[in-house]
Number of protein chains: 2
Amino acid sequence: MSQQNQIVLKLREMILSGLLRPGERVAEIPVADHLGVSRTPVRYALGVLAREGLVVPSSNGRGFVVREFTIKDIHDAIEVRGALEGMAARLLAQRGISPEAEAGLRACLADGQRVVGKGRLVPGDGVAWATLNERFHDLIVGGSENRPLIHALRINDQVPFSSAKAFLDDITDPVMTRRQYDILLMAHMQHGLIVKALVSGDGARAEALVREHSYAAFENITLFRSAIYPLLAKEAAG
Amino acid sequence: MSQQNQIVLKLREMILSGLLRPGERVAEIPVADHLGVSRTPVRYALGVLAREGLVVPSSNGRGFVVREFTIKDIHDAIEVRGALEGMAARLLAQRGISPEAEAGLRACLADGQRVVGKGRLVPGDGVAWATLNERFHDLIVGGSENRPLIHALRINDQVPFSSAKAFLDDITDPVMTRRQYDILLMAHMQHGLIVKALVSGDGARAEALVREHSYAAFENITLFRSAIYPLLAKEAAG
DNA sequence: GCAGGGCCCATTGTATACAATAGCAGGAGC
DNA sequence: GCTCCTGCTATTGTATACAATGGGCCCTGC
């Protein structure tokens with residue numbers, strides 16, 4: 001991989017991990033020195049991140065600052081995702097789902113059954129779920145065969161914690177594990193209903209189900225608020 | 001304005017005007033020579049356009065080619081816009097529209113009445129409509145106060161001819177002028193209904209109306225197909 | 001004559017020098 | 001003492017030199 005793409009990844013991770021605080025200035029020279037490269041790839045990376053919305057132009061027009069996400073941004077982005085994924089599901093159902101896509105979705109259901117079938121969560125289940133969940137959503141979105149829609153969702157997923165593959169690590173507290181299990185079980189059952197609607201060609205129901213399903217992400221955010229809050233803008237983190 | 005932004009504008013116009021053909025390779029050095037600048041601002045501009053989706057990485061991984069839009073892309077992007085603007089209208093209606101926003105929308109209605117009230121189109125009406133139409137849509141989208149939604153729409157509008165401010169020049173053929181008048185009258189009446197739904201707080205109706213309203217763009221495309229088709233990918237232009 | 005390998009060239013990736021610009025601080029004048 | 005102007009400095013904008021890379025073409029050997 002080219003160096004400049006590595007810089008993009010590093011910078012993005014520095015922001016998403018909270019190493020660079022929201023509102024903090026990001027100048028080219030300090031970053032370049034810190035990473036041991038010249039300004040050129042750093043400039044490139046900042047351009048990429050600016051387009052993604054992770055950094056925004058500084059008020060004085062000199063350079064960038066780390067974007068201050070609010071909890072409202074996350075909610076809003078999830079709502080946008082619900083609308084777009086719902087639309088994708090409707091398109092897919094209307095056109096008729098292909099046998100391959102149906103098989104892929106059913107494989108996700110089987111994987112999901114393995115996670116929730118035990119009646120409780122064990123270490124590794126969080127990652128397993130995140131993986132199958134991303135596949136599930138990608139199949140629906142890709143199945144829409146609507147490039148602008150796919151593109152819009154990819155952009156929207158740049159808002160931290162709003163995407164279907166958002167942070168969903170394992171947690172240890174027993175009470176929270178139980179709560180997370182409940183959320184995943186609900187999501188799993190929704191997955192099943194969504195597949196049913198898609199296969200039967202019921203576009204309206206598929207759209208409604210997917211839109212509702214996106215709100216499961218809200219629950220995850222509540223669960224992981226302690227990990228998320230340091231990354232938010234001050235006025236929203238209180 | 002900085003030079004690199006001017007380069008972005010120039011390159012974007014070269015693509016959207018068809019000067020650079022779909023599928024055509026865009027290398028840094030020829031472009032830099034042609035515009036009389038160094039490769040640096042050209043590299044910047046290409047990065048911007050790539051993230052906008054107007055150019056895509058070349059298959060061999062060297063440089064970019066002009067993106068080949070299809071008529072389906074335009075339709076798809078308009079459908080995405082309908083979904084997102086519809087959502088914006090619903091949010092705005094649910095929260096309750098501010099007096100200022102309502103006044104702005106009514107001003108657009110008044111401008112629209114001036115265009116269609118004559119019972120026919122005269123030179124300049126096309127531009128006048130495009131201006132008020134953009135204002136109308138921006139008021140609704142901005143009124144949603146949903147940043148990710150606004151962002152998604154801005155990205156989506158990069159697809160040529162899909163945005164609310166899309167190409168709508170004056171045409172001379174009498175029959176086509178008549179047809180365009182009909183389309184604008186319908187759109188104008190839809191605008192009126194949308195404002196009514198927004199003011200009365202009927203989110204569901206506002207969403208449905210805006211979504212339906214977006215399809216007016218399809219009609220415009222049909223009207224201007226001769227201007228649009230040279231910009232499309234070969235397989236879709238037949 | 002065809003296939004394989006190596007060299008050359010076209011093009012992008014990276015570093016760095018220099019230019020331009022805007023903010024800030026310090027001094028001078030009122 | 002306050003204000004305005006000027007010069008400095010920090011930072012980004014631009015140009016260019018050089019490195020790296022991958023593909024195409026030619027040459028050679030079979």
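Proteins get letters first, then strands, A, B, ... in listed order; numbering begins at 1 in each.
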*Protein-nucleotide distance (I7(B), atom CD1; dA15(D), atom C1'), rounded to Å*: 13 Å
*Donor-acceptor contact below 3.5 Å, side chain R81(B) vs main chain S162(B)*: yes
*Not counting sequence neighbours, which residues clear ring-ring contact (aromatic ring centres under 6.0 Å, His included) with Y215(A)? List them please.*
F218(A)
*How close or far is atom P of dG13(D) from atom CZ of F64(A), stated in whole angstroms?*
7 Å
*To the nearest Å, give me how far apart CD1 (I29(B)) and P (dT16(D)) are.*
12 Å
*Donor-acceptor contact below 3.5 Å, side chain D111(B) vs main chain L132(B)*: no
*Report the distance from atom CG of L35(B) to atom C1' of dA15(D), rounded to the nearest whole Å.*
15 Å
_Expressed as a whole number of angstroms, how long is the span from Q4(B):CD to dT21(C):C1'?_
14 Å
_Nearest-nucleotide pick for R25(B), side chain only, options being dT12(C), dT11(D), dG13(D)_ = dT12(C)
*Check each residue of residues 36-47 of chain B for a non-hydrogen atom within less than 4.0 Å of any atom in DNA chain D, then write out the ones that pass by number, or none.*
V37(B), S38(B), R39(B), T40(B), P41(B)
*Can you tell which of T40(A), V48(A), V42(A) makes a side chain to side chain contact (heavy atoms under 4.5 Å, CB included) with Y44(A)?*
V48(A)
*Presence of salt bridge, K72(B) and E145(A), under 4.0 angstrom*: no
_For F136(B) and H191(B), take the angle between the two ring planes, folded into 0 to 90°, and tell me which bin it lands in: parallel under 30, tilted 30 to 60, perpendicular over 60._
parallel
